[in-house]
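We count ligands from 1, going down the list as the structure has it; atoms in each ligand are counted the same way.
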Amino acid sequence: MALLNRDDWYDIARDVDWTLSYVDHDEAFPEEWVGAKGIPLEAWDEWDEPFRVSYREYVMVQREKEASVSAIREAMVRAKIYKHLDAGHQASSQLHMGTTCMVEQMAVTMQSHFCRFAPTGKWRSLGAFGMMDETRHTQLDMRFSHDLLNEEPRFDWCQKAFHTNEWGVIAVRNFFDDIMLNADCVEAALATSLTVEHGFTNIQFVALASDAMEAGDINFSNLLSSIQTDEARHAQLGFPTLDVIIKHDPKRAQQILDVAFWRAFRLFQTLTGTAMDYYTPVAKRKMSFKEFMLEWIIKHHERILRDYGLQKPWYWNTFETALEHGHHAMHIGTWFWRPTLFWKPNAGVSREERKWLSEKYPSWEESWGVLWDQIIQNVKSGEMTKTLPETLPALCNVTQLPLGSAMDRFNLKQHQVIYKGRVYQFDSEVSKWIFELEPERYAGHLNVVDRFIAGQIQPMNLEGGLNWMGLTPDVMGDDAYGYRWAADYSDNRIAAE
Ligand SMILES: [Fe+2]
Ligand SMILES: [Fe+2]
């Protein structure tokens with residue numbers, strides 16, 4: 001039987017809009033969900049996605065991807081690869097599963113918003129593929145973690161993490177609640193699809209996949225790469241949305257992208273910057289986090305801005321300084337506050353590792369090495385209590401990350417706003433600017449320290465905090481190598497040569 005070419009029927013099949021007669025259009029498509037903000041309905045006729053994939057083709061391709069992931073998974077589980085992996089790398093996969101699995105599940109809901117409320121039928125049709133993609137990603141993460149539960153209880157956090165108050169998880173959940181679940185369709189397309197899925201996920205799913213492969217974790221690497229093939233596809237819906245917004249409201253487009261870029265950057269510094277530059281064994285590292293950011297994320301983002309006639313964010317100089325320092329700050333902070341983590345961080349500061357860090361970040365010794373020297377001194381003299389926290393760090397009311405964690409010690413400043421009688425603190429002038437754009441959006445949230453002060457965490461000490469975060473002794477973080485790296489400094493020389 002002769003079949004029509006796809007192009008002969010595709011436009012009819014995907015554009016299923018019709019004129020509503022039983023209900024008012026604005027009631028069926030409330031502005032709060034759509035987010036068109038006055039852009040006329042006809043303008044969305046120009047919205048055109050580049051997928052051009054039918055349901056039959058989608059299912060065929062996805063089935064093949066699943067078969068290939070499954071085959072590798074079965075072989076790797078049988079070969080019991082995981083327990084032979086480097087402890088630093090193991091931390092990367094635990095961190096990924098705990099902080100990402102439920103974000104995939106949240107993305108299912110975001111895509112379902114597109115299916116129901118996007119301002120054009122073409123986009124709504126596409127949301128269905130996005131939902132199936134994100135469901136697959138959640139299930140891949142769950143299956144990977146389930147396979148490893150007997151070997152490592154931390155993989156329970158794949159499912160559990162988002163049901164706890166662990167502070168890092170709150171930071172992740174806060175960001176994705178905001179740009180996926182709280183955002184209207186237009187904002188979600190620009191902040192999530194264009195900025196996070198089309199840009200930043202490359203760090204997690206390409207750079208980390210490549211490091212994982214080098215570290216011998218074929219199963220994890222394969223899973224990440226398979227997920228990224230979906231992300232790269234469904235993220236494309238950001239572009240036609242930007243096409244429409246640029247014509248009607250370029251100022252709004254600029255603002256959404258500038259806010260999302262900073263918040264995504266801070267979060268990926270925390271999740272991937274530490275994993276790439278400290279947890280991955282030094283001999284297996286391909287690129288530094290900064291090199292990867294410059295090559296894959298910044299060039300890509302600058303190109304989008306240029307192509308659409310937009311400006312670089314006003315905070316570009318601050319961003320460049322934060323790119324040099326923020327993830328080192330997050331790393332020393334997370335290692336120091338290691339009991340508050342559900343994974344075991346690798347300090348990553350042996351002499352060899354410090355040499356690598358100084359090559360990639362010329363000011364590393366001056367900014368960070370001196371602080372690590374003090375920690376090393378304490379480890380060497382057996383004063384372990386001095387290497388552990390007694391209190392909680394003050395946190396930013398936008399990013400939920402510690403104050404001071406965007407910069408090094410030479411660039412610290414206080415950023416604060418008093419709004420309706422309450423004091424809000426920020427990790428940077430950029431996070432403060434984000435708050436001031438829409439204070440009501442952020443003002444109601446209490447960060448961990450706010451809750452502590454409000455008496456919600458009892459007893460009011462670190463132990464009470466850990467308990468409140470759901471951190472049990474079997475998963476609580478400690479140094480990945482049991483401080484064996486400190487032996488590198490046994491001859492009383494502390495500073496790296
Ligand atoms: Fe996903
Ligand atoms: Fe996605």
Side-chain angles (χ1 to χ4, degrees), residues 49-51 53 58 61-62 65-66 68-69 93 95-118 123-145 158-159 161-162 169 172-173 175-209 212 220-242 256-257 260-261 263-264 267-268 271-272 296-297 300-301 304:
E49 46 82 12
F51 282 29
V53 67
Y58 175 85
V61 171
Q62 297 302 93
K65 284 189 202 171
E66 275 297 281
S68 124
V69 174
S93 62
L95 169 58
H96 176 92
M97 290 302 160
T99 52
T100 312
C101 177
M102 287 301 142
V103 176
E104 304 283 15
Q105 183 63 31
M106 289 161 85
V108 178
T109 306
M110 179 190 75
Q111 295 285 348
S112 76
H113 292 171
F114 295 159
C115 284
R116 173 60 184 80
F117 295 113
W123 181 355
R124 294 197 292 275
S125 299
L126 218 59
F129 294 127
M131 280 182 78
M132 286 186 284
D133 283 349
E134 303 295 8
T135 303
R136 183 173 94 91
H137 303 168
T138 312
Q139 292 178 350
L140 281 173
D141 284 354
M142 297 288 268
R143 194 170 59 193
F144 177 94
S145 299
C158 177
Q159 191 271 338
F162 273 51
V169 171
V172 180
R173 196 167 59 204
F175 177 51
F176 288 105
D177 266 348
D178 193 24
I179 66 160
M180 283 182 174
L181 305 189
N182 170 52
D184 55 50
C185 290
V186 168
E187 189 182 35
L190 301 191
T192 303
S193 305
L194 199 63
T195 309
V196 174
E197 290 175 315
H198 201 265
F200 281 90
T201 56
N202 283 301
I203 285 199
Q204 192 77 356
F205 294 99
V206 177
L208 201 63
F220 183 47
S221 175
N222 189 49
L223 171 146
L224 294 174
S225 308
S226 184
I227 289 177
Q228 183 60 13
T229 60
D230 293 347
E231 296 297 341
R233 174 171 38 71
H234 68 231
Q236 299 280 340
L237 63 83
F239 291 102
T241 309
L242 186 55
I256 293 173
L257 293 177
F261 186 80
R263 290 207 63 188
L267 203 61
F268 279 82
L271 302 181
T272 333
W296 281 76
I297 313 300
H300 161 268
H301 194 70
I304 292 176

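- Using a 4.5 Å cut-off on side-chain heavy atoms (C-beta onward), Leu271 and Ile203 make no contact.
- Taking the charged nitrogens against the carboxylate oxygens, Arg136 and Asp133 have no contact shorter than 4.0 Å, which rules out a salt bridge.
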| message | side chain to side chain donor-acceptor pair (under 3.5 Å), that's the test. Do Asp141 and Gln159 meet it? Break it down for me. | response | CA-CA 9 Å; Asp141 284 354; Gln159 191 271 338; over 6 Å; no

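- Here Ser193 pairs with Glu197 under the side-chain hydrogen bond (donor to acceptor under 3.5 Å, both in side chains) rule; sequence neighbours left out.
- Residues satisfying the ring-ring contact (aromatic ring centres under 6.0 Å, His included) test with His198, not counting sequence neighbours, are Phe239, His300.
- With sequence neighbours excluded, the residues satisfying side-chain hydrogen bond (donor to acceptor under 3.5 Å, both in side chains) with Glu134 are His137, His234.
- Each protein N, O or S atom less than 2.8 Å from the Fe ion (ligand 1) was counted, giving 4.
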